[in-house]
Amino acid sequence: QVQLVESGGGLVQPGGSLRLSCAASGSIFSITVMGWYRQAPGKQRELVATITSGGSTNYADSVKGRFTISRDNAKNTVYLQMNSLKPEDTAVYYCNAMNVVTRDNDWGQGTQVTVSS
């Protein structure tokens with residue numbers, strides 16, 4: 001029901017910054033909890049950050065103080081600002097949308113983030 005399109009991934013050097021964007025369509029954005037997950041090669045997908053329609057956020061311990069999740073409900077878009085990037089941040093990053101009423105989940109196709117010198 002919800003289509004999610006991620007963008008902004010790429011290759012960055014350690015210590016650099018990158019901003020990911022996720023554009024949502026096909027649902028009511030204001031009633032969704034938006035999140036970013038990531039999956040590194042050979043590892044399970046893990047939660048990075050979430051944000052509610054009211055602006056409440058939570059982060060994985062590994063990214064606290066470095067990453068910031070935000071959303072623009074008027075644009076149906078969620079962002080992930082990533083600073084002080086480390087090689088261990090290298091992964092495919094996926095956008096997730098959960099309807100708080102139905103609890104349906106939708107996923108984007110993912111965008112590759114590579115942190116390397």
Side-chain angles (χ1 to χ4, degrees):
Q1 182 171 316
V2 179
Q3 292 80 51
L4 303 173
V5 180
E6 302 101 331
S7 62
L11 174 65
V12 296
Q13 295 182 334
S17 298
L18 204 62
R19 190 178 81 153
L20 306 182
S21 299
C22 174
S25 63
S27 187
I28 303 175
F29 193 69
S30 62
I31 63 170
T32 60
V33 175
M34 302 299 299
W36 288 97
Y37 292 71
R38 67 186 182 186
Q39 187 168 22
K43 296 185 177 181
Q44 296 182 351
R45 187 173 299 186
E46 64 177 355
L47 173 70
V48 176
T50 62
I51 184 168
T52 69
S53 61
S56 297
T57 60
N58 76 286
Y59 298 90
D61 289 340
S62 59
V63 306
K64 286 181 179 177
R66 299 188 298 121
F67 291 11
T68 302
I69 188 171
S70 62
R71 65 192 291 165
D72 186 337
N73 290 339
K75 296 182 178 181
N76 290 348
T77 302
V78 64
Y79 306 94
L80 184 68
Q81 178 67 46
M82 304 183 293
N83 298 325
S84 301
L85 283 162
K86 305 174 181 179
E88 49 263 47
D89 295 318
T90 296
V92 177
Y93 284 70
Y94 296 92
C95 182
N96 170 267
M98 184 188 73
N99 186 301
V100 299
V101 177
T102 67
R103 297 193 67 83
D104 290 338
N105 279 277
D106 294 284
W107 296 88
Q109 290 296 308
T111 185
Q112 176 71 47
V113 172
T114 302
V115 184
S116 177
S117 59

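Counting from 1, the numbers follow the sequence of the chain as shown. The model shown is predicted, which means the values in this text are computed figures rather than measured ones.
Nearest approach of S21 to W36, heavy atoms of both residues: O-CH2, 3.7 Å. The minimum heavy-atom distance between S17 and S84, with the atom names listed, is OG-N, 4.4 Å. Contact between E6 and C95 at its shortest, heavy atoms only, is OE2-N, 2.8 Å. A91 approaches R38 most closely through the heavy-atom pair CB-CB, 3.8 Å. Closest non-hydrogen pair, V33 versus T52, comes out as CG2-CG2, 4.2 Å. G110 and V92 get closest at one heavy-atom pair: CA-CG1, 3.9 Å.
Taking the side chain as every heavy atom from C-beta outward, L4 and M34 approach each other to under 4.5 Å.
Note: Y93 and F67 have tilted aromatic rings, judged against thresholds of 30 and 60 degrees for the angle between ring planes.
Separation of atoms CH2 (W107) and CG (N105) is listed at 6.5 Å; rounding is to 0.5 Å. Summarising the geometry, atom CG belonging to N76 is positioned 9.0 Å from atom CZ belonging to R71; distances are rounded to the nearest 0.5 Å.
Criterion: ILVMFWY side-chain heavy atoms under 4.5 Å apart, direct or through other members. Under it, V2 and V78 are part of a common hydrophobic cluster. Linking Ile, Leu, Val, Met, Phe, Trp and Tyr residues whenever their side-chain heavy atoms come within less than 4.5 Å places L85 and L80 in a single cluster. Using a 4.5 Å cut-off between side-chain heavy atoms of Ile, Leu, Val, Met, Phe, Trp and Tyr, with links allowed through other members, M82 and V63 fall into the same hydrophobic cluster.
Looking only at distances, no side-chain donor or acceptor of Q109 sits under 3.5 Å from a matching main-chain atom of V5. Between the Y59 side chain and the I69 main chain, a donor and an acceptor come within less than 3.5 Å of each other. Panel note: side chain Q81, backbone T68; no donor-acceptor pair is recorded below 3.5 Å.
Of the options T90, L18, L11, D89, a side chain to side chain contact (heavy atoms under 4.5 Å, CB included) to V113 is made by L18 and by none of the others.
The neighbour count for E88 CD, taken as heavy atoms of other residues, nucleotides or ligands under 6.0 Å away, is above 12.
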